[in-house]
Structure formats: structure tokens, C-alpha cells
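This is a predicted model, so every value here is computed, not measured.
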Amino acid sequence: MSGAERAGSAEQESSSGAPRAPEVEQRSLSLVFKGNARDYFRLWIVNLCLTLFTLGIFSAWAKVRRKRYFYSHTELEGIPFEYLADPIPILKGRLIGVVLLALWYAGTHFSGPLLLGVVVVGAVLAPWVMVRSAAFNARYSAYRNLTFHFAGTYRGAAYRLLEAALISFVTCGFGYPWALANVRRYFVARTSFGGVWATYTARGGHLARPFYTMVGGAMLGGAVVGAMQFGSARLGRSVTPTLLALYVLYGVGYAYFQARLGRLNWGHSSLGPIDFAADFRARDFIWLYFSNAVAIACSFGLLVPWASIRMYRYRIARLSVEQVGSLSDFVGESRSAVRATGAEVADLFDFDLSL
Amino acid sequence: MTHSNPTRVSAELFDGQSLLAQPVCLELDGEAARVVGAEAPAAFALSSLRVSPRVFNAQRFVALPNGWELVCAEQPALARLPQASSSEGPVAWLEQRISVAVFAVLATIAGVVAFYFVGLPRLADAVATRIPPERERTFGEGTLRTFDTNLTRPTSLDTETLRQVRAGFDDIRKQLTPASSARLEVRDSPGIGPNAFALPGGVIIITDQLILTCSVDESIAILAHELGHVRYRHALRHLIQESGVAALGTLVGADASSASLSASMLPIVIAQAQYSQGFEAEADAAGFAMLRRAGWSPALFASCLGKIAARGKLGDPGIASYASSHPPEADRIARAEAAARGFVPSRPPKRPADRVEAEPENASAPVPTTDHE
């Protein structure tokens with residue numbers, strides 16, 4: 001009840017402030033997340049239970065419900081995002097994924113030649129999987145009756161991934177930020193909404209600072225932990241503190257990099273007259289990741305939905321969307337036409353492998 | 001004008017051409033639906049509309065046949081519209097009910113417990129019997145190579161000690177039915193410390209450190225335990241069960257991956273350790289039976305565990321001492337002693353008698369190798 005009223009009032013606010021006045025040149029658009037852990041828990045447990053008792057088949061439906069929950073409760077200027085996907089292509093993608101995973105597992109444990117085969121096939125398929133999943137996700141994401149679109153190709157993605165692998169390999173991993181930026185630029189720049197293409201302006205140099213900070217920190221911390229381990233071996237103490245220290249080190253590094261990377265990615269992305277900025281703080285990420293991990297471990301997983309909502313709410317709260325030009329650039333082919341093309345592709349190649 | 005009172009739903013209209021919102025009213029009147037207040041009013045058959053599935057109290061979307069879309073607050077009137085997804089309605093209905101949530105929690109826990117304690121062990125048995133022993137052996141050899149490159153060196157024990165260990169091992173191995181091709185590998189590894197492993201396919205590794213910490217005869221009792229693992233193909237079954245637990249963990253924790261660190265995997269680690277304990281007990285029992293049939297006393301096993309445990313308390317280094325990867329050693333020692341009660345050993349042959357009931361304190365003796373030769 002109260003949720004409906006809240007949604008209703010937000011809608012009225014939006015209709016007065018909706019972007020129907022093209023003369024407005026620069027302003028912040030309101031972005032709010034209206035979900036809560038209590039509702040999401042119910043959705044999650046029903047999903048989990050049905051997935052378990054259908055031996056995983058329901059997981060495709062579960063994904064649709066989960067995406068729908070987050071999309072529907074994320075409102076930009078009072079209007080929520082819309083997730084339009086059908087579970088069947090997702091189920092197809094998951095079946096393919098399970099087969100690949102099983103082959104990979106069998107390969108790592110039982111057979112060298114099989115593993116080699118799986119690795120080769122995986123490398124050949126990787127660009128295709130990434131492109132198809134990005135296209136799927138874009139096509140079935142809509143806002144104000146306009147859909148997203150992804151125009152990447154297998155050849156383009158394969159070229160970028162190969163280039164990234166070579167850069168990383170030749171530089172012994174130190175070129176990773178440049179490789180990452182190239183791949184990301186390819187995927188962002190080939191995404192459009194309402195006929196307007198997105199842009200990504202970050203270069204390797206931008207990503208290098210957080211990356212090298214993380215690597216340097218990990219090496220320094222590793223050295224300290226190594227010394228600790230040496231000392232504890234000498235003194236005959238347990239190694240548990242060492243393992244714990246390594247885990248904390250990994251967690252801090254991971255959270256820091258995620259926060260900085262998210263900040264850079266959003267800050268250097270724009271969609272025509274729309275600019276983004278994400279004020280993610282590393283210490284907040286560290287706190288959220290660690291406290292969520294403790295909560296999940298102590299509740300034997302029952303607090304997973306709470307942790308998901310908490311993280312998502314933080315991200316949305318720290319993400320700002322700025323309008324710096326006229327929104328009349330966004331135009332759509334009519335929805336029915338988009339649906340028709342969607343259905344056409346859906347027959348054979350429509351599938352989704354992302355989580 | 002109609003005679004009846006139409007149901008009115010206030011909504012925002014999006015024409016699919018621009019981002020502009022037009023505040024409109026959707027009037028539901030019998031089999032007709034009218035959009036009132038738009039620049040160009042329109043009327044449709046109610047059956048041609050599609051409303052998006054309900055997601056709690058979030059706003060919903062109504063697709064109109066001409067490509068327009070309405071966004072409106074969740075309200076009972078929307079139940080009259082045809083649903084866009086036939087399968088999601090029942091799921092949304094389930095999500096609304098607290099009783100369903102409570103039931104789902106209980107059913108999920110029951111399902112996970114049943115899968116863990118009954119389903120997965122049976123599955124592992126079924127899979128293990130279908131994997132040919134040769135395939136299992138190649139896998140074991142691979143693991144042995146990993147040990148040799150990273151963790152172990154060739155044994156530095158004298159040939160006489162090795163001969164005695166091997167003779168005892170063969171003694172026990174003969175008790176296995178069906179006859180096993182299990183093979184013994186002795187390795188020096190200060191890093192691993194006193195320990196022994198049964199790899200898939202019947203390759204057994206024992207460290208110099210274990211033979212030196214205990215006696216030769218006690219080491220043979222440990223080897224009997226490892227042959228118990230071989231008898232039940234524990235290494236292979238463990239691997240299969242571990243992957244089952246990991247798959248289950250992925251299912252439950254997939255959502256968690258973007259919101260936390262992999263500490264969420266902690267329950268999985270605990271769950272896998274639990275399996276190990278069950279296997280240890282099974283291998284212990286099989287080991288005691290083989291020892292007795294070959295004429296050795298299971299009490300050797302008790303005294304060896306006692307020595308290793310005491311050594312651990314003295315603060316020796318070593319991540320995986322035998323005692324720590326095989327936790328409740330007090331229980332196991334008690335069981336070994338129970339299995340030895342009233343048994344008159346005929347072995348070890350022609351060597352100075354070991355003090356079978358060795359006190360753990362004896363282990364602190366600096367050179368524990370005095371009991372052979």
C-alpha cells in the first residue's frame with residue numbers, strides 16, 4: 001500500500017519536472033532505488049527454492065524476476081527501468097554454460113588433452129558469448145518505451161580481446177589497464193539508447209593509477225605477511241593468522257580496485273546529453289564487502305538478499321546523472337518494430353550467458 | 001458517453017518516439033480501453049493490452065498495440081488486463097505471501113540437508129563406480145607429480161627402514177579384497193611434516209617425518225588407514241562430493257558475488273571438511289580390520305596419533321600435520337584402543353617389541369627412531 005502511494009507521488013513529481021522542456025540545459029536527474037531487503041528476501045527465497053527443486057531449470061525464470069526487481073525499483077526521474085527478457089533464451093544460455101563448465105571441470109581433473117580442447121574452444125567462443133550477452137541485455141532493457149541496443153560484432157570483440165591478451169602478455173601484466181580500457185571502450189561505444197551512442201573516454205593511463213596502487217599494495221602487504229609467516233614458523237605458532245591476513249589483504253585490494261574502477265568507468269561514460277558520475281569511496285566498498293561477507297557467512301547465506309540490496313542501494317545513491325543538453329536527441333523506432341527484430345533473432349542466436 | 005462507470009487508471013504515456021511523458025488516463029470500460037488526455041486520444045480492445053508482471057508495489061507497464069506504453073502505479077484494476085507473461089504471475093503471487101517465504105526457507109534447508117547427507121554421497125558412489133580404475137590412476141599420478149615438483153623430495157631414510165615399511169605395507173595390502181594395486185611412495189617433506197595421503201587410484205604417500213616421528217610399526221598402522229581410503233575410493237568420491245557442494249554453493253551464492261567477498265564460501269569449506277571426517281572414520285574402521293587380520297594391533301594406530309598430536313602441541317611447524325587434517329584425534333585414539341582390546345598381535349616379526357601403549361609424553365623424546373634395529 002504505502003509503496004504504491006510512494007510510487008504514485010514520485011510519479012506526480014516527475015510529471016511536473018519531467019524532461020519535456022528542451023530549453024533546460026543543465027540539471028541533475030533524480031535517480032532513486034525503491035527496493036528493500038524484506039521484499040527482495042521473499043523474491044530470492046522463492047527463486048532459490050524453486051531453482052533447487054527443479055534442479056536449476058527455474059534459474060532462468062529466477063534471473064528474470066531478479067532483474068525485473070532491480071530494474072522496476074530503480075527510478076530515473078520518477079519512471080522505472082523495464083526488463084523485457086523472456087526466460088527461455090536465458091535457459092538456453094545456461095544449458096550451454098553448464099555443459100562448458102562440466103567439460104572444463106572434467107578437463108582440469110581428469111584429462112589434459114580435453115582441457116586443452118576446452119581452453120581453445122573457450123577462447124574462440126569468448127568474444128561471441130560476450131557480444132551476444134551484451135546484445136541480449138541491451139535489447140531487453142528499456143526506459144520510457146525506448147530500448148537500448150548493442151552493435152558489437154564477433155570480429156570486433158575478438159580483435160579487442162586478442163589485442164588485450166597480447167598487451168598484457170608482452171608487458172608481463174603491467175599493460176593490463178590499457179587492455180582493460182580498450183575492451184571497455186569497445187563495449188560502451190557500441191551501445192546506444194534511443195538512437196544516441198554512448199561514449200567512453202577513459203584511457204589506460206586513467207586506470208593505471210588504481211591498478212598500480214593495488215598491485216603495489218598487494219606486494220607490500222604480501223611481503224609483510226610473508227615476514228609474519230616466516231616469524232610464526234620460527235616461533236612455532238599457528239599459521240591461521242597468516243591466512244587471515246592474506247584474506248584481508250586480498251579483500252582490501254579487491255574492494256579498493258572495484259570502487260576506483262567503478263568511479264572511473266562512470267565518470268568517463270556519457271550518453272549524448274547525459275553525463276554520469278559515481279562517487280564511490282574505497283573505504284565504503286571495503287566496509288560493505290567485508291561486513292556483507294561476515295553477515296552472509298554467519299547466516300549461512302540467508303542474508304545474501306540483504307547484502308545485495310545494501311550494495312546496490314549504495315551504488316545508486318552514489319551515482320549521479322546530469323543532463324547537459326536537450327533530450328530531444330533521443331528518438332525511437334516504434335516499440336513494435338523493436339519487438340519484431342528481437343523475436344527474429346530470438347529463434348537461434350538469442351541467448352544470455354551473463355549472471 | 002458510456003452508461004457504466006469506467007475504471008480510471010492515471011498513467012504516464014510514452015509514445016516510443018521520444019522521452020516525453022504525457023499524463024493520461026486509462027479508462028477500462030467493459031471490453032474497451034481508452035486512453036484519454038493524450039494529444040491524440042485512442043481506443044483499444046481490452047484484450048489487446050499487455051500488462052507487465054507484478055513486482056511487489058513497483059510501477060507497472062502497459063503495452064498498447066500501437067507501440068505506446070503506459071507507466072502506472074500498481075493497483076487492483078491492473079488485474080483485469082491480459083498479462084504479458086503467463087509464467088510470472090504465479091511466481092509473483094508466491095512472493096507476496098509470508099507463509100510461502102517461511103515454507104520456502106524450511107523447504108530449501110531441508111532440500112540442501114537431504115542433498116548433502118543423502119543425495120550427494122549416493123551420487124558420488126554411482127559416479128565413482130562408473131569411472132574406470134585406469135582413469136583414476138592417471139589422475140592420481142598427476143597429483144603425485146604435483147607433490148614431487150612443489151612439496152616433496154626423494155626419501156632420505158636408510159634402506160633397511162624402507163624395506164621394513166614396504167614389507168608391512170604389502171602385508172596389509174594383501175588383506176584388501178579385491179586385491180589392490182595400491183602403491184607406496186615414501187617422500188621427504190619438512191614442509192608437510194608428519195603425514196600420509198591416499199591419492200586417487202591407490203597411490204599412497206607417506207613422509208619420512210611421519211616414519212621418524214612414530215615408529216616403523218606405527219607407520220604401518222597409518223598405512224592401513226590409508227589403504228582403507230583406497231578400499232572405498234575416498235579420494236575420488238571426495239572430489240565428486242566436493243564439486244557437488246561447490247555447485248550447490250554457486251547456486252545459493254551467485255547473488256552474493258557482486259555484493260561481498262568470497263567469505264561467503266566459508267560454509268562450503270566447513271561442509272566439505274565435514275565429509276572428510278566421515279571418510280576418516282570409515283577408513284579407520286577398515287584399517288583396524290585389516291591390521292587385525294594381518295596380525296597387527298590397532299593400538300599402534302592410537303599410539304602413533306598420540307605422538308603426532310603431542311608433537312603438534314610442542315609447536316613444530318607444518319601447515320598440515322596429520323593430526324590437524326584429521327581432527328577429533330581423542331575419539332579416534334579411543335576407537336583404535338577399543339579395536340585392539342583383547343587382541344593378541346602376532347606382528348611385528350622379529351623386532352624388539354614396541355611399547356604398544358606408548359604414552360603421548362614419550363613423543364617428546366628427541367630421537368624417536370630408537371625402536372628399530
Are any side-chain N or O atoms of A/R42 and backbone N or O atoms of B/A101, one a donor and one an acceptor, separated by less than 3.5 Å?
-> no
Parallel, tilted or perpendicular for B/F56 and A/H73, by the 30°/60° rule?
-> tilted
In terms of heavy-atom contacts, A/S72 and B/V55 come closest through OG-CG2, 4.0 Å
Within a reach of under 6.0 Å around CZ of B/F103, are more than 12 heavy atoms found that belong to other residues, nucleotides or ligands?
-> no
Non-hydrogen side-chain atoms of B/S18 and A/F330 separated by less than 4.5 Å = no
Under the salt bridge (charged side-chain N to carboxylate O under 4.0 Å, His left out) rule, what do B/E69 and A/R144 come out as? Steps first, then yes or no, please.
-> CA-CA 8 Å; B/E69 182 181 76; A/R144 290 184 177 240; over 6 Å; no
Under 4.5 Å from any heavy atom of chain A - which part of B/I98 = both
Under a 4.5 Å heavy-atom cut-off, does chain A meet the side chain of B/R97, its backbone, both or neither?
-> backbone
Min side-chain heavy-atom separation B/P53-A/R65 under 4.5 Å = yes
Counting only heavy atoms closer than 4.5 Å, note whether B/V100 contacts chain A via side chain, backbone, both or neither.
-> side chain
Check whether A/L50 gets within reach of chain B through its side chain, its backbone, both or neither, counting any heavy atom under 4.5 Å.
-> side chain
Note: B/E88-A/R68 ion pair, threshold 4.0 Å (strictly below) = yes
B/T108 and A/C49: which non-hydrogen atoms are nearest, and at how many Å?
-> OG1-CB, 3.4 Å
Smallest separation among heavy atoms of A/F53 and B/G111, with atom names | CZ-CA, 3.9 Å
The interface call for B/R137 against chain A, heavy-atom contacts under 4.5 Å, is neither
Where on B/A84 is there a heavy atom nearer than 4.5 Å to chain A: the side chain, the backbone, both, or neither?
-> neither
What are the two closest non-hydrogen atoms of A/N145 and B/F14, and how far apart are they?
-> ND2-O, 2.9 Å
Any side-chain heavy atom of A/L84 within less than 4.5 Å of one from B/F61?
-> no
Between the CZ atom in A/F41 and the CD atom in B/E95, the distance rounded to the nearest 0.5 Å is 12.5 Å
Before giving the answer on side chain to side chain contact (heavy atoms under 4.5 Å, CB included), spell out for B/V91 and A/F58 the whole-Å C-alpha distance, their side-chain angles and the decisive distance to 0.1 Å.
-> CA-CA 11 Å; B/V91 183; A/F58 188 79; 3.9 Å; yes
Any side-chain heavy-atom pair from B/L19 and A/F193 closer than 4.5 angstrom?
-> yes
A/G78 backbone acceptor or donor facing B/Q59 side chain under 3.5 Å = yes
